[in-house]
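Have a look at the structure below before the remarks.
The analysis underlying the following values was restricted to heavy atoms, covering all of them including side chains, and did not include hydrogens, waters or symmetry mates.
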Amino acid sequence: MSFPDDLDYGVEDESTGINHPHDDDEEGDEDDTQPRILLMGLRRSGKSSIQKVVFHKMSPNETLFLESTNQVHKDDLSGVSFVNFQIWDFPGQVDFFDPTFDDEMIFAGAGALIFVIDAQDDYVEALVRLHTTVSRAYRVNPAIHFEVFIHKVDGLSDDHKIETQRDVHQRANDDLGDGGLDKLHLSFYLTSIYDHSIFEAFSKVVQKLLPQLPTLENLLNILISHSGIEKAFLFDVVSKIYIATDSSAVDMQSYELCCDMIDVVIDVSCIYGPMEDGGAYDKESLAIIKLNNTTVLYLKEITRFLAGLTPHTWRANKQKPSGRFWNTPALYDRRNVNLLTRAGFPDDGRA
Ligand SMILES: Nc1nc2c(ncn2[C@@H]2O[C@H](COP(=O)(O)OP(=O)(O)OP(=O)(O)O)[C@@H](O)[C@H]2O)c(=O)[nH]1
């Protein structure tokens with residue numbers, strides 16, 4: 001899988017450092033109609049690292065060498081990922097009080113605003129900036145989902161993590177209450193690029209923006225109930241974000257296993273797959289991995305961007321998955337793929 005390197009980042013407004021799309025560029029205008037996820041936060045909080053690790057397969061250690069962002073980077077993911085959004089990565093030093101800062105242009109089309117707080121640093125200033133940012137955005141667009149990533153928690157003990165989350169939650173909501181913004185809802189996540197928590201958090205952010213989510217959850221519940229398997233995920237292969245899962249609780253270990261399986265399948269396919277079409281992931285993609293702890297992982301292509309993954313652990317007192325599961329499980333049935341396509345999924349012309 002590859003990503004476009006030549007993304008169009010528009011023209012920088014020198015007075016604000018904000019990067020505007022080309023007005024005379026038809027493609028740029030078209031891109032602007034896509035829903036946006038905004039990444040904001042203080043300098044060095046980790047915004048660019050998050051974007052690079054989740055969507056560009058950068059390894060966490062490489063982010064140490066990332067340079068500070070000086071203008072808004074618009075990352076267009078359509079065509080490479082199911083996540084048909086633009087991710088706008090803002091520089092940490094954006095001055096919201098600059099009169100040329102165009103709230104309407106930035107916030108009106110945004111689906112989610114992710115505010116990143118460095119948990120390894122003193123976060124008092126970050127909380128002030130969080131309050132300014134969300135209150136300005138809310139005034140323009142109250143429908144935005146406000147997501148707070150309490151980030152870099154890899155350096156914190158478990159107790160410290162919980163205490164930091166409680167403290168940030170309390171202070172941020174107190175500030176909103178004092179400002180008369182009680183209706184503004186903030187969601188909090190503990191994240192780090194050094195484990196799967198950043199993918200898990202991004203999954204939840206993206207799911208809130210998907211109108212098809214209830215249909216997908218329903219289909220996955222049907223798959224679970226008809227096959228006897230434990231858990232089913234629908235993954236965006238490129239980003240390893242899960243787009244939907246059945247309604248049983250997500251266990252972090254199964255999620256991590258599924259992420260690792262996607263990497264294994266793509267790597268093996270890149271090395272041993274047919275060279276002619278150059279694709280590491282196509283309609284033939286299917287893999288079963290049996291682990292020695294009786295867990296079985298099953299991956300199957302659903303559409304060009306999506307994989308169904310079903311981790312299952314056989315236990316003596318548990319029913320084995322039915323034969324149908326291995327042959328034609330409900331979600332993988334072409335008729336249901338058709339249903340997904342009709343529900344607004346990108347049609348790759350094969351379903
Ligand atoms: N320990 C740890 N370090 C992180 C994590 N995420 C990012 N970093 C580090 O934080 C530093 C700053 O990361 P950037 O992604 O450049 O931060 P930014 O918010 O984009 O910074 P600006 O562009 O200046 O606004 C880098 O050295 C990253 O390696 C994390 O989850 N854990």
Side-chain angles (χ1 to χ4, degrees), residues 37-55 58-66 68-69 87 89-94 112-135 145-179 181-182 184-208 239-242 245 249-260:
I37 297 178
L38 311 180
L39 270 172
M40 295 183 153
L42 294 185
R43 251 182 202 281
R44 313 301 289 157
S45 53
K47 302 175 292 295
S48 308
S49 309
I50 293 172
Q51 188 216 349
K52 296 282 183 198
V53 169
V54 175
F55 293 102
M58 184 179 272
S59 77
N61 287 330
E62 280 178 78
T63 65
L64 290 167
F65 308 106
L66 280 176
S68 207
T69 313
I87 314 276
D89 177 12
F90 282 73
Q93 81 285 8
V94 165
L113 190 164
I114 299 175
F115 193 92
V116 184
I117 295 179
D118 181 347
Q120 292 187 15
D121 202 6
D122 176 17
Y123 47 78
V124 174
E125 195 192 336
L127 286 171
V128 174
R129 179 57 74 100
L130 168 68
H131 183 74
T132 320
T133 310
V134 297
S135 40
H145 295 276
F146 294 101
E147 320 282 2
V148 182
F149 285 7
I150 303 167
H151 192 53
K152 306 193 190 177
V153 292
D154 46 276
L156 274 52
S157 67
D158 284 349
D159 286 349
H160 196 173
K161 275 186 206 174
I162 294 166
E163 175 51 26
T164 306
Q165 180 164 18
R166 193 204 55 74
D167 191 40
V168 170
H169 185 286
Q170 173 93 42
R171 291 195 203 195
N173 281 315
D174 286 352
D175 288 349
L176 289 177
D178 294 346
L181 289 167
D182 306 78
L184 194 161
H185 177 76
L186 299 173
S187 303
F188 297 88
Y189 309 81
L190 291 167
T191 56
S192 164
I193 53 168
Y194 287 96
D195 58 34
H196 291 81
S197 57
I198 193 63
F199 295 94
E200 163 95 0
F202 234 104
S203 301
K204 291 189 173 147
V205 170
V206 167
Q207 283 169 26
K208 288 188 194 170
S239 61
K240 287 182 284 176
I241 280 176
Y242 70 94
T245 183
V250 174
D251 138 45
M252 205 50 186
Q253 215 188 350
S254 314
Y255 173 65
E256 289 173 13
L257 278 174
C258 291
C259 290
D260 292 347

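Not a single side-chain hydrogen bond (donor to acceptor under 3.5 Å, both in side chains) links Ser203 to another residue, sequence neighbours left out.
For the pair His196/Asp260, a side-chain contact is recorded, criterion being any heavy-atom separation below 4.5 Å from C-beta on. A 4.5 Å side-chain heavy-atom check between Phe55 and Ile241 finds at least one atom pair inside the cut-off. Contact check for Ile117 versus Val148: side-chain heavy atoms found under the 4.5 Å cut-off. Put simply, the side chain of Met40 reaches to within 4.5 Å of the side chain of Leu113, judged on heavy atoms. A 4.5 Å side-chain heavy-atom check between Phe202 and Val53 finds every atom pair outside the cut-off. Val153 places none of its side-chain heavy atoms less than 4.5 Å from the side chain of Gln165. Looking only at side-chain heavy atoms (C-beta outward), Val205 and His145 stay at 4.5 Å or farther from each other. For the pair Gln170/Asp174, a side-chain contact is recorded, criterion being any heavy-atom separation below 4.5 Å from C-beta on.
In this structure, Leu66 CG and Ser48 OG are separated by 6.0 Å, a value rounded to the nearest 0.5 Å. Interatomic distance, CG of Leu39 versus CG of Asp89, reported as 5.5 Å (0.5 Å rounding). Rounded to the nearest 0.5 angstrom, Ser49 OG and Arg44 CZ are separated by 7.5 Å. Note that CD1 of Ile50 and CD1 of Ile114 are 7.0 Å apart. Values are rounded to the nearest 0.5 Å. Leu181 contributes atom CG, which lies 6.0 Å from atom NE2 of His131 (distance to the nearest 0.5 angstrom). One distance of note links CD1 of Ile150 with CZ of Phe188; it measures 6.0 Å at 0.5 Å rounding.
For CD of Glu125, the number of neighbouring non-hydrogen atoms (other residues, nucleotides, ligands) closer than 6.0 Å is 12 at most.
Checking Lys152, Glu200, His151 one by one against Thr191, the side chain to side chain contact (heavy atoms under 4.5 Å, CB included) holds for a single residue, His151.
Donor-acceptor pairing under 3.5 Å is recorded for the side chains of Asp195 and Ser197. With no hydrogens or angles considered, no side-chain donor-acceptor pair links Ser187 and Lys204 at under 3.5 Å.
The backbone N or O of Asp154 lies less than 3.5 Å from no partner atom in the side chain of Gln120, so there is not a single donor-acceptor pair. In this structure, the side chain of Lys47 does not engage the main chain of Phe115 through any donor-acceptor pair within 3.5 Å. Between the Thr132 side chain and the Val128 main chain, a donor and an acceptor come within less than 3.5 Å of each other. Of the possible polar contacts, none joining the Asp167 side chain to the Glu163 backbone as a donor-acceptor pair under 3.5 Å is found.
The two residues Pro60 and Ile193 make their nearest non-hydrogen contact at CG-O, 3.2 Å.
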Worksheet item: After noting the C-alpha distance and the side-chain angles of Val206 and Tyr242, does the key distance pass the side-chain contact (heavy atoms from CB on, under 4.5 Å) rule?
Response: CA-CA 9 Å; Val206 167; Tyr242 70 94; over 6 Å; no
Practice prompt. Could you go through the salt bridge (charged side-chain N to carboxylate O under 4.0 Å, His left out) check for Glu147 and Lys208 one step at a time?
Written response: CA-CA 11 Å; Glu147 320 282 2; Lys208 288 188 194 170; 3.1 Å; yes
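Taking the six-membered ring where the residue is Trp, Phe149 and Tyr189 present perpendicular rings, their angle passing 60° and hence far from 30°.
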